[in-house]
Amino acid sequence: MNNLMRRAQNVQLWRKYCVKQYTTEAASASLSRGKPNYDEFIGGRQVQAQRSIVVQVSSEKSYSELYNYCSRFGSIVGAHHYCVRHDDDLHYILLEYSTVNEAAAAIDSGAANGDLSGVPVRSPFLWFKAAPGRRGPKLAANTNNNNNSQLPLSDLLSVDGTRQLDQASLLSQLRCAASIEQQVQLLHEHTQLNDLGVRMRFLAALQVQQAISGMFPAAQAHPFGSSVNGFGRMGCDLDLILRFDGETGVRKESDGEPPSRLIYHTKENLSNGRSQTQRHMECFGDMLHLFLPGVCHVRRILQARVPIIKYHHEHLNLEVDLSMSNLSGFYMSELLYMFGQIDQRVRPLTFSIRRWAQACGLTNPSPGRWISNFSLTCLVMYFLQQLRQPILPTIGALVKAAEAKDVRVTEDGINCTFGRDLERVGFQSRNTSSLSELLLQFFEFYSQFDFHNRAISLNEGRQLAKPDHSAMYIVNPLEQLLNVSKNVSLEECERLRIEVRNAAWILESEVENSTLQESERQDESWGLLNLFKHPEKAVIRPNMFFKPRMVEVSDLFEEKQHQQQQQSTTGLSSDGGATASPPVAYKNVSVRQQVQSIKAATRTELKQLRESSSAAAAPSSSPNSKNRRSR
Ligand code: GTP
Ligand code: MG
């Protein structure tokens, strides 16, 4: 009973503080101030999605005909073209109207596809059918009778707007940069999620919300995670949370009106919260699968700590993870968004570190025993908090700056209250380090970090004694009894330590070599490129630890090519023994990762054994020694 009462109280609190409706006014207010806060950013994008439609066309050349046709519903203020590549390229144009009603009028004018037997569904995803008598004269140049038309568009704002820079072009851009600093900036610029990517993600959310709005008028689908927190790259997945408790009564109160006396009759949930959520999700999974245009490959992952439905959206070329519980992830995204806003070095730095981790296989898009992008981002944030001159405030400092309007408590009673007004938080960093210095310091910091005994707290901005035996412990900032990196295995944690050491070594020599002539820089890999060029540049290589003799210091400096040459000419491994059987090609990525993890852990143990036995005999080759460079 107590539980029930507490839950009811939490629901009340949650309704009072967590359900926000966003208006066009809020969106335009945010634009006028330049640097929107999270609520304004999310609200602005949600309204923008409501003003938008996506129309499949035969190519970008259909644009002027589409513009002329669609202008009859209102004034079009922007248009973006993108392609979804399958066997053929599918072309789409996203049109943005000046008002929500105009977009609604365009959607309402839609007709059912008579050629298909499916149930017609109203959604912002449409198809521009060829005009009757296709080969006849085109529509008049401009059939726009709408006097409010603001923008006779002469061109599309983007053509093929979601195409990602291919690896070769990206590397060549980085090669031509003037400094590592500029490489970090360029990487961020060229790989971050662009405006069209964000628009598409908010349209995917709106589609789900609108599909169920008849039965659930208060339902809201909120994007969160890297799609909105400022750390997303082109092609990142969309994390979506669907809530049904949008509470109109609260708004009426705040508008000065008394709460309604007409209460919806409601079916009471009798089973416990989790199994209820699972049942609901099963049901929504079916609905998405059966009816929503564009939604395909629906998978239900209902046993996870936070149950999710995964699906692919074929008109947006987007992977979506839909959850219905645990709003704390949404507020966590707000915290990360704020961290990105506080200092302009935070996002480019995090992008480089995420890219490095991806290049050396520390992260993997599927969940497993390796570090997630989210945990890695927490490591970066903590590093920036604990500097002698911090670049980020602690979360505790944000909590202290909270006002009444910042109170947020989730339905499950998780307190997500922290100051949202950065001016009020009043944090000013005196740190003047460049991005390349910070990157090197990051790797050096985690090379030394005692993951074995210490936990990381972003709330306090300091290390704590580790409360359990997890290999890596990052206190969950919003649920402080939980560990964000609980999934990370000992092997993966060791691998991270090896890789940060390697990265520090490589980067240190790169910083020293940054005086290369411009022509030399363009010809060879340098700076960040060498960090991403794994494993050729690694100073600690796995095969070092499989030798049946002690590691010689000289081994640390030998060229890998030399080794390979030796192996290919003699058929022997570099220690003179017979070459091991050819490497097994694992088809399953996660099996391969696990085998690699086990091997890495064994190597680490061997290395530690060797180091402890050689320490007494020879002076140690310090990792800071200049000689250790791989060049
Ligand atoms: P990518 O999807 O890899 O680009 O990164 P992401 O930041 O979107 O990570 P992910 O999809 O794994 O998680 C989505 C969001 O959920 C994160 O950005 C966090 O805001 C939140 N999140 C993930 N794990 C946790 C957790 O353990 N605790 C809390 N409070 N939030 C989490
Ligand atoms: Mg994500």
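Index from 1, following the sequence. In listed order, ligands and their atoms are each counted from 1.
Annotation: cation-pi geometry satisfied between R347 and Y337 (NZ/CZ under 6.0 angstrom from ring centroid, within 45° of ring axis).
Using the six-membered ring where Trp is involved, Y446 and F451 have ring planes that are parallel, under 30° apart on the 30 and 60° scheme. Using cut-offs of 30° and 60° for the angle between ring planes, the H312 and H297 rings count as tilted.
Taking only non-hydrogen atoms, the option from S226, S227, C416 nearest to atom 7 (O) of ligand 1 is S226.
In this structure, the side chain of S485 does not engage the main chain of V488 through any donor-acceptor pair within 3.5 Å. Side chain of R201 to backbone of C236: a donor-acceptor contact under 3.5 angstrom is found. Side-chain atoms of Q182 do not come within 3.5 Å of backbone N or O of A177 as any donor-acceptor pair. Looking at N431, its side chain does come within 3.5 Å of a backbone N or O of S433 through a donor-acceptor pair.
With ligand atoms numbered from 1 in the order given, ligand 1 contributes 8 (O), 11 (O), 14 (C) to contacts under 4.0 Å with heavy atoms of D239. Annotation for ligand 1: atoms under 4.0 Å from non-hydrogen atoms of D237 are 2 (O). Within ligand 1, the atoms closer than 4.0 Å to a non-hydrogen atom of S328 are 30 (N), numbered from 1 in the order shown. Annotation for ligand 1: atoms under 4.0 Å from non-hydrogen atoms of N229 are 7 (O), 18 (O). Those atoms of ligand 1 with a heavy atom of G225 less than 4.0 angstrom away are 8 (O), 14 (C), 15 (C), 18 (O).
Within D239, the N/O/S atom positioned nearest the Mg ion (ligand 2) carries the name OD2. Looking at D237 and the Mg ion (ligand 2) together, the shortest N, O or S contact belongs to OD1.
A salt bridge links E491 and R369; the closest N-O separation between the charged side-chain nitrogens and carboxylate oxygens is under 4.0 Å.
By the definition of a contact as any protein heavy atom under 4.0 Å away, atom 12 (O) of ligand 1 is not in contact.
Ligand 1 lies within reach of R354, whose nearest heavy atom is under 4.0 Å from it. Ligand 1 has S333 within reach: a non-hydrogen atom of the residue lies less than 4.0 Å from it.
Between L531 and L439, the shortest heavy-atom distance links the atoms CD1-CD2, 4.2 Å.
Annotation: the span from L478 atom CG to T417 atom OG1 amounts to 9.5 Å, rounded to 0.5 Å. Rounding to the nearest 0.5 Å gives a distance of 11.5 Å between CD1 of I212 and CD of Q207.
Not a single N, O or S atom of D321, from either the backbone or the side chain, sits less than 2.8 Å from the Mg ion (ligand 2).
When only non-hydrogen protein atoms are considered, atom 28 (N) of ligand 1 lies nearest to N476 ND2, 2.9 Å. In terms of protein heavy-atom proximity, atom 3 (O) of ligand 1 is nearest to N373 ND2, 2.9 Å. Counting protein heavy atoms only, atom 21 (C) of ligand 1 is closest to G329 CA, 3.7 Å.
With a heavy-atom cut-off of 4.0 Å, K486 does not touch ligand 1 at all. With a 4.0 Å cut-off on non-hydrogen atoms, F330 does not touch ligand 1 at all.
Taking any N or O of E479, backbone or side chain, none lies under 3.5 Å from an N or O belonging to ligand 1. Between C236 and ligand 1, no pair of N/O atoms sits closer than 3.5 Å.
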